[in-house]
Visitor: 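Supplied in structure tokens, the structure appears directly below.
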Amino acid sequence: MNFSAGTMSSIVRSVTYIILLSLLCFLIPYATKAQGQARALVDHNKITIGDQINLWLELQPVSDKDKITWTTVPDTFRGLEIIEKGKIDTVRGRDTFLLKQKIVLTGFDSGRYYIPSFHFLISSGGNEIHFLTDSIGIEVQTVAVDTTQAFRPIKEIINVSFSIWDYWKIIAAFVLLIGLILFVWIYFYKNKKTIIPAAKAKTPPELAHEKALRLLQELKKRQLWEQGAIKEYYSELSDITRVYLEERFGISAMEQTTDELLALLKKQNDSRAELRKLRPELKMILRTADLAKFAKASPLPHEHSACMAAAIEVIQQTKKKEEEDKL
């Protein structure tokens, strides 16, 4: 088959046109996706007066790094009222990124109205891309009236007679509730037991020697002098001994110096004469304590134990006898 040069040229142009057209159709969806898109959708184009329409505004940016200027939604359209403006939600898919807002509309007058076009702006890579959605027509219809039927007159107000028996269930429940409350109150009131508080056992007061011996044992367990707190050890030892003398014999031992106290004990001739026999022990305790407290002396370990033993001995020898308690 022989073709002329003009025929061959025409065939080549046709084939080239078909190939270019196919490539264009193939690349258009990708170009659109790369540049983003915006659209407005409604679930109904026809409603009855007072019904609602859901309007969705959708914007697909080029990327999630784009700067987006969302469209301005007024409070009302011409003939259509906005009931609710939803927040702008982000919907992410595997390869998509979509911004979406829901708006609820209604209409109270019949007629055909239009939702206007919405304008979106995207700043991507230094370029500004503008999007405009299509306007949408909405038809608001009135309630269908059967004009073949005669109009009915407005009925007069009917007075409904009151009967207490119409509320017998509520009354019965109220009476039962009151009866139950009274029964529970009477039952617990009659069976209420008077709780007699248990008598607290009276703890006998701690005697002077019991208190002093307890404090000495606590001081001994704390091992202050073994930890280097020598001044604190002798301060407490001296105070325990002096307080015991005050409580047991009525001597103002805390207010007197060591010399004054020892001089006083040397003169005792009454019932406190027993302290005269223990004057050496008291002298050792008080003198050693003064040296440790005021002269910053460091007694030897055996002196610590000797002073503790002397204090215990003084208390044991002078504690109150049972015969004295009876008197």
Side-chain angles (χ1 to χ4, degrees), residues 8-147:
M8 289 296 295
S9 177
S10 177
I11 292 174
V12 171
R13 284 197 302 270
S14 299
V15 171
T16 303
Y17 177 76
I18 293 172
I19 293 173
L20 291 175
L21 183 62
S22 300
L23 288 174
L24 183 62
C25 293
F26 178 76
L27 293 175
I28 282 175
Y30 294 94
T32 304
K33 181 179 179 181
Q35 294 177 1
Q37 60 180 348
R39 60 178 180 172
L41 304 171
V42 293
D43 54 359
H44 299 291
N45 292 95
K46 292 182 180 181
I47 61 169
T48 305
I49 289 177
D51 288 345
Q52 295 181 357
I53 307 169
N54 293 322
L55 167 65
W56 284 276
L57 300 179
E58 297 181 356
L59 175 64
Q60 183 178 350
V62 178
S63 70
D64 56 0
K65 297 180 181 179
D66 293 344
K67 182 179 179 181
I68 298 169
T69 303
W70 195 258
T71 185
T72 301
V73 181
D75 294 332
T76 182
F77 300 125
R78 187 173 181 180
L80 298 174
E81 301 291 336
I82 294 180
I83 300 175
E84 178 185 351
K85 292 182 185 179
K87 63 179 182 179
I88 302 172
D89 295 323
T90 303
V91 181
R92 294 181 181 271
R94 184 175 180 181
D95 298 317
T96 60
F97 172 69
L98 185 68
L99 299 176
K100 194 172 184 179
Q101 182 181 22
K102 179 183 177 182
I103 301 172
V104 182
L105 307 172
T106 189
F108 298 106
D109 291 320
S110 61
R112 185 167 181 81
Y113 306 99
Y114 288 90
I115 298 174
S117 177
F118 295 96
H119 174 253
F120 297 88
L121 175 62
I122 295 178
S123 297
S124 178
N127 299 320
E128 290 188 350
I129 306 173
H130 297 266
F131 294 99
L132 288 175
T133 63
D134 296 331
S135 61
I136 303 174
I138 302 296
E139 186 175 348
V140 181
Q141 301 173 339
T142 59
V143 178
V145 179
D146 187 359
T147 57

Visitor: What distance separates Asp51 CG from Leu105 CG, expressed to the nearest 0.5 Å?
Guide: 12.5 Å
Visitor: Nearest 0.5 Å, please: how far is CZ in Phe77 from CD1 in Ile103?
Guide: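 Rounded to the nearest 0.5 Å, the CD1-CZ separation comes to 6.0 Å.
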Visitor: Distance check, rounded to the nearest 0.5 Å: Lys100 atom NZ versus Ile88 atom CD1?
Guide: 13.5 Å
Visitor: Quick check for you: to the nearest 0.5 Å, what is the distance between Arg39 atom CZ and Gln60 atom CD?
Guide: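 The CD atom of Gln60 is 9.0 Å from CZ of Arg39, to the nearest 0.5 Å.
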Visitor: Which atoms form the tightest heavy-atom contact between Ser110 and Thr142, and what is the distance?
Guide: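 So the minimum-distance heavy-atom pair works out to CB-CG2, 3.4 Å.
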Visitor: Drop me the distance from Leu121's CG to Trp70's CH2, to the nearest 0.5 angstrom.
Guide: 12.5 Å
Visitor: Compare every heavy atom of Val73 with every heavy atom of Gln101, then report the nearest pair and how far apart it is.
Guide: OE1-CG2, 4.2 Å
Visitor: Please check this pair: side chain of Ser123 against backbone of Asn127, looking for a donor-acceptor N/O pair closer than 3.5 Å.
Guide: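 Looks like no, no N/O pair under 3.5 Å.
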Visitor: Atom CD1 in Ile115, atom CG in Leu55: separation rounded to 0.5 Å?
Guide: 5.0 Å
Visitor: Which atom names give the shortest non-hydrogen contact between Phe131 and Ala38, and what distance separates them?
Guide: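 Nearest heavy atoms, Phe131 then Ala38: CB-CB, 3.7 Å.
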Visitor: Do the non-hydrogen side-chain atoms of Val140 and Asp109 ever get within less than 4.5 Å of each other?
Guide: no
Visitor: Counting neighbours of NZ on Lys85 that are heavy atoms of other residues, nucleotides or ligands and sit closer than 6.0 Å, is the number greater than 12?
Guide: yes
Visitor: Is the number of heavy atoms from other residues, nucleotides or ligands within 6.0 Å of CG (Asn54) greater than 12?
Guide: yes
Visitor: Ignoring hydrogens, what is the shortest heavy-atom contact between Ile47 and Gln52? Give both atom names and the distance.
Guide: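 Of all heavy-atom pairs spanning Ile47 and Gln52, the closest is CG2-O, 4.2 Å.
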Visitor: Under a 4.5 Å cut-off applied to non-hydrogen side-chain atoms, are Asp89 and Lys87 in contact?
Guide: yes
Visitor: Grab the two heavy atoms, one from Ile82 and one from Pro74, that are nearest each other, plus how far apart they are.
Guide: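 Looking at all heavy atoms of both residues, the closest pair is CD1-O, 2.7 Å.
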Visitor: More than 12 non-hydrogen atoms from neighbouring residues, nucleotides or ligands closer than 6.0 Å to CG on Asp43, yes or no?
Guide: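 Check passes, neighbour count above 12.
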Visitor: So, does Glu139 use its side chain to make a donor-acceptor pair with the main chain of Arg112 at under 3.5 Å?
Guide: no
Visitor: Mind listing the closest non-hydrogen atom pair of Phe118 and Ala40 along with its distance?
Guide: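 Of all heavy-atom pairs spanning Phe118 and Ala40, the closest is CD1-CB, 4.4 Å.
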Visitor: Pick from Leu99, Thr133, Leu98: which one makes a side-chain contact (heavy atoms from CB on, under 4.5 Å) with Glu58?
Guide: Leu98
Visitor: Determine the interplanar angle of the His130 and His119 rings, folded into 0 to 90°, and report it as parallel if under 30°, tilted if 30 to 60°, perpendicular if over 60°.
Guide: parallel
